[in-house]
Visitor: 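Below you'll find the structure I mean.
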Amino acid sequence: MKETLSYRTLKYMSLLVLMVCTLFPFLWLVDTTFKSTEEMFASTPSWWIENFTLEHYTWALGEQGMNIGTLLSNSIIVCTLTALSTGLIACLSGYGLARFQVPGIKLVIVLFVLAQMIQGPLIMIPWYKLASTFSLLNTKTVLVLIYNTMTIPVGVWIMSGFFKTIPKELEEAAYMDGSTKLKTLFKIMVPMALPGLVSISLYSFILGWNDYQYSLILTNSLAAKTVQVGIAEVMESMGAANWGGILASGVIVILPIVIIFAFIQKLLIEGLTAGGIKG
């Protein structure tokens with residue numbers, strides 16, 4: 001049934017209102033970061049910037065202020081390693097679950113799902129003791145390991161669903177041409193399941209990027225703590241004296257995720273829908 005003009009207009013107007021409500025806080029945040037402190041606390045709020053300034057970003061990036069560059073570097077390293085390790089393990093494990101029928105395979109899938117229910121404060125003390133025993137406290141490594149326990153089960157489930165949608169005949173044809181199992185996996189299967197691989201990698205990256213509690217408990221130095229903890233600490237110590245710098249730090253932290261999502265949003269949506277429906 002074709003859409004009428006009035007229905008289409010109503011649909012796009014509804015989407016426009018939703019977009020405005022969603023983006024308004026972020027746009028106001030960005031606008032405020034370019035205002036002077038006096039304008040920020042003016043009695044009558046305004047979108048108009050009378051005295052454009054970059055002092056808040058200078059404070060956020062400088063060593064005398066937030067020094068967010070080091071914290072961003074820590075977060076990027078931790079989240080990138082989490083995404084790469086999750087993608088590799090989920091790809092191999094998901095392929096195994098999709099193609100090999102072994103006893104207890106359904107139980108394994110159930111355990112993967114249940115693993116997501118045991119996270120956060122429930123296992124914080126055991127994680128802390130393990131990290132202390134293996135001298136991993138205050139390191140980026142312990143954060144990568146913890147994030148992997150949350151991302152790999154979901155990644156394996158999604159990749160398993162993707163590989164199940166790929167006809168086995170493609171693999172059989174490759175084997176007949178002399179291809180090995182490993183070569184077939186990475187040259188034929190993985191490219192076809194790329195949307196799923198991208199989606200779980202981005203999910204892993206964002207999960208680590210937004211984490212606060214594990215980084216707060218397990219790291220305490222500038223060499224290891226992530227940007228979320230750094231911003232919270234600055235807000236407690238000097239946030240009331242420099243709200244402009246805190247807001248600028250927020251913009252800087254949000255931008256990497258926005259940029260990444262803008263480039264791979266199509267693959268992300270395909271990955272989440274296909275993997276979830278077909279799995």
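Just so you know, these numbers come straight off a predicted model, no measurement behind them. Sequence positions, counted from 1, serve as the residue numbers for this chain.
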Visitor: Go through the side-chain N and O atoms of Thr86 and Asn148 and say whether any donor and acceptor fall under 3.5 Å apart.
Guide: yes
Visitor: Looking only at non-hydrogen atoms, find the nearest pair between Gly245 and Trp59 and report the distance.
Guide: CA-CE3, 3.4 Å
Visitor: State whether the side chain of Asn138 and the backbone N or O of Ser221 hold a donor-acceptor pair below 3.5 Å, judged by distance alone.
Guide: yes
Visitor: Going through the checks in order, is the side chain to side chain contact (heavy atoms under 4.5 Å, CB included) test met by Met192 and Leu170?
Guide: CA-CA 11 Å; Met192 298 187 68; Leu170 293 176; 3.5 Å; yes
Visitor: Working note: Lys164 + Leu97, criterion side chain to side chain contact (heavy atoms under 4.5 Å, CB included); need CA distance, chi angles, decisive distance, verdict.
Guide: CA-CA 9 Å; Lys164 286 179 181 178; Leu97 288 177; over 6 Å; no
Visitor: Looking at Trp28, does the NZ or CZ of Lys35 lie under 6.0 angstrom from its six-membered ring centre and within 45 degrees of the ring axis?
Guide: yes
Visitor: In terms of hydrophobic clusters joined by side-chain contacts under 4.5 Å, are Leu16 and Leu27 together?
Guide: no
Visitor: Are the side chain of Thr133 and the backbone of Lys129 linked by a donor-acceptor contact shorter than 3.5 Å?
Guide: yes
Visitor: Side-chain heavy atoms under 4.5 angstrom apart, residues restricted to Ile, Leu, Val, Met, Phe, Trp, Tyr: same cluster for Ile259 and Ile68?
Guide: yes
Visitor: Return yes if some donor-acceptor pair links the side-chain N/O of Ser75 with the main-chain N/O of Leu72 below 3.5 Å, else return no.
Guide: no
Visitor: Do the side chains of Thr82 and Phe205 get nearer than 4.5 Å, heavy atoms only?
Guide: no
Visitor: For residues Tyr57 and Phe34, report the shortest heavy-atom separation together with the two atoms involved.
Guide: CE1-CE2, 3.6 Å
Visitor: Between the side chain of Ser199 and the main-chain N/O of Gly196, is any donor-acceptor distance below 3.5 Å?
Guide: yes
Visitor: Taking Glu50 for the side chain and Glu39 for the main chain, is one N or O donor matched with an acceptor at less than 3.5 Å?
Guide: no
Visitor: Tell me whether Ile76 shares a hydrophobic cluster with Leu84, the cluster being built from Ile, Leu, Val, Met, Phe, Trp, Tyr side chains joined at under 4.5 Å.
Guide: no
Visitor: Nearest heavy-atom pair of Ala60 and Ile252: which atoms, and what distance?
Guide: CB-CD1, 4.2 Å
Visitor: So do Thr149 and Trp127 actually touch side chain to side chain, heavy atoms under 4.5 Å?
Guide: yes
Visitor: Kindly indicate whether the side chain of Ile231, heavy atoms from C-beta on, has any atom under 4.5 Å from the side chain of Tyr212.
Guide: no
Visitor: Go through the steps to decide whether Val253 and Gln228 satisfy the test side chain to side chain contact (heavy atoms under 4.5 Å, CB included), and finish with yes or no.
Guide: CA-CA 8 Å; Val253 171; Gln228 305 294 346; 3.9 Å; yes
Visitor: Looking only at non-hydrogen atoms, find the nearest pair between Gly87 and Ile200 and report the distance.
Guide: CA-CD1, 4.2 Å
Visitor: Would you indicate whether the side-chain heavy atoms of Asn210 and Ile257 approach each other to under 4.5 Å?
Guide: no
Visitor: Check Met40 against Leu247 and note the closest heavy-atom contact, atom names and distance.
Guide: CE-CD1, 4.1 Å
Visitor: Just say parallel, tilted or perpendicular for the rings of Phe24 and Trp47, cut-offs at 30° and 60°.
Guide: perpendicular
Visitor: Testing the basics here: between Val142 and Ala131, what is the closest heavy-atom pair and its distance to 0.1 Å?
Guide: CG2-CB, 3.7 Å
Visitor: Evaluate the criterion side chain to side chain contact (heavy atoms under 4.5 Å, CB included) for residue pair Thr226 and Thr219; output intermediate values, then yes/no.
Guide: CA-CA 8 Å; Thr226 58; Thr219 63; 5.9 Å; no
Visitor: Is the CD1 atom of Ile125 crowded by more than 12 outside heavy atoms at less than 6.0 Å?
Guide: no
Visitor: Of Ile77, Asn74, Val78, which is the lone residue that meets side chain to side chain contact (heavy atoms under 4.5 Å, CB included) with Leu143?
Guide: Val78
Visitor: Might you work through the side-chain hydrogen bond (donor to acceptor under 3.5 Å, both in side chains) test for Tyr175 and Thr184, ending with a clear yes or no?
Guide: CA-CA 8 Å; Tyr175 296 150; Thr184 301; 4.8 Å; no
